[in-house]
Amino acid sequence: QVQLAESGGGLVQTGDSLRLSCAASARSFSSYAMSWFRQAPGKERDFVAAISVSGSNTHYADSVKGRFTISRDNAKNMAYLQMNSLKPEDTAVYYCYADVWVTTFAKRDYWGQGTQVTVSS
């Protein structure tokens with residue numbers, strides 16, 4: 001069982017920056033790929049960014065490329081999302097997500113409880 005706890009959300013203005021943190025309880029944190037998703041009111045949960053177990057590979061949604069940076073610190077069981085040049089359309093609840101393939105066809109995954117990010121215009 002893995003528990004994920006996000007922090008760092010808040011109310012900011014257009015153009016500001018925020019850094020979200022995700023603390024993981026897993027002993028084998030370095031085995032999990034980490035991702036961030038977000039969900040705006042009335043919309044589906046969307047992918048934002050992902051990072052590989054070693055941190056050497058990252059992937060971003062087109063809407064955040066060049067503005068957001070995902071990172072991780074396996075020694076601290078932490079994942080981060082640095083968000084720069086924030087826009088009102090970035091307003092959403094941001095969720096931390098961890099997953100690991102336990103067999104070729106089966107994945108184990110976990111979600112955090114979310115942290116609210118609100119960007120005012």
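By convention here, the first residue in the shown sequence is residue 1.
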Quick check for you: to the nearest 0.5 Å, what is the distance between [X] atom [atom1] and [Y] atom [atom2]?
X: Tyr110; Y: Ser25; atom1: OH; atom2: OG; answer: 8.5 Å
X: Tyr95; Y: Trp111; atom1: OH; atom2: CH2; answer: 9.0 Å
X: Asp46; Y: Ser63; atom1: CG; atom2: OG; answer: 7.5 Å
X: Ile70; Y: Ser35; atom1: CD1; atom2: OG; answer: 6.0 Å

Would you indicate whether the side-chain heavy atoms of [Y] and [X] approach each other to under 4.5 Å?
X: Thr14; Y: Leu86; value: no
X: Ser21; Y: Glu6; value: no
X: Val117; Y: Met83; value: yes
X: Thr115; Y: Leu20; value: yes
X: Leu4; Y: Cys96; value: yes

Has [X] got a side-chain atom pairing as donor or acceptor with [Y]'s backbone, closer than 3.5 angstrom?
X: Ser120; Y: Val12; result: yes
X: Thr91; Y: Val119; result: yes
X: Thr103; Y: Ala106; result: yes

How far apart are the closest heavy atoms of [X] and [Y], and which atoms are they?
X: Phe29; Y: Met78; value: CZ-O, 3.6 Å
X: Val48; Y: Val64; value: O-CG2, 3.6 Å
X: Ala92; Y: Gln116; value: O-NE2, 3.4 Å
X: Ala33; Y: Val53; value: N-CG1, 3.7 Å

Would Asp109 and Tyr97 count as having a side-chain donor-acceptor pair, cut-off 3.5 Å?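 The answer is yes; a qualifying pair exists.
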Residues that Trp101 engages under ring pair (Phe, Tyr, Trp, His ring centres under 6.0 Å), provided they are two or more places apart: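 Partners of Trp101 under the ring pair (Phe, Tyr, Trp, His ring centres under 6.0 Å) test: none.
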If two hydrophobic side chains count as joined below 4.5 Å and joins carry through other members, does Tyr60 share a cluster with Leu18?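 Yes, one cluster joins them.
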Filter on side-chain hydrogen bond (donor to acceptor under 3.5 Å, both in side chains), then keep only pairs touching residues 68-90, sequence neighbours left out; what's left?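 side-chain hydrogen bond (donor to acceptor under 3.5 Å, both in side chains) check on residues 68-90 returns Ser17-Asn84, Arg38-Asp90, Arg67-Asp90, Arg72-Asn74, Gln82-Asn84.
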Around Lys107, counting heavy atoms of other residues, nucleotides and ligands shown, do more than 12 lie under 6.0 Å from its NZ?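 Yes.
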Does Gln113 CD have over 12 foreign heavy atoms under 6.0 Å away?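 Result for CD/Gln113: enclosed.
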Take Phe68 and Trp36 through the ring-ring contact (aromatic ring centres under 6.0 Å, His included) test and state the conclusion after the steps. CA-CA 11 Å; Phe68 290 11; Trp36 289 92; 10.0 Å; no
Residue from Leu81, Thr58, Asn57 passing side-chain contact (heavy atoms from CB on, under 4.5 Å) with Ile51: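 Testing Ile51 for a side-chain contact (heavy atoms from CB on, under 4.5 Å) against Leu81, Thr58, Asn57 leaves exactly one candidate, Thr58.
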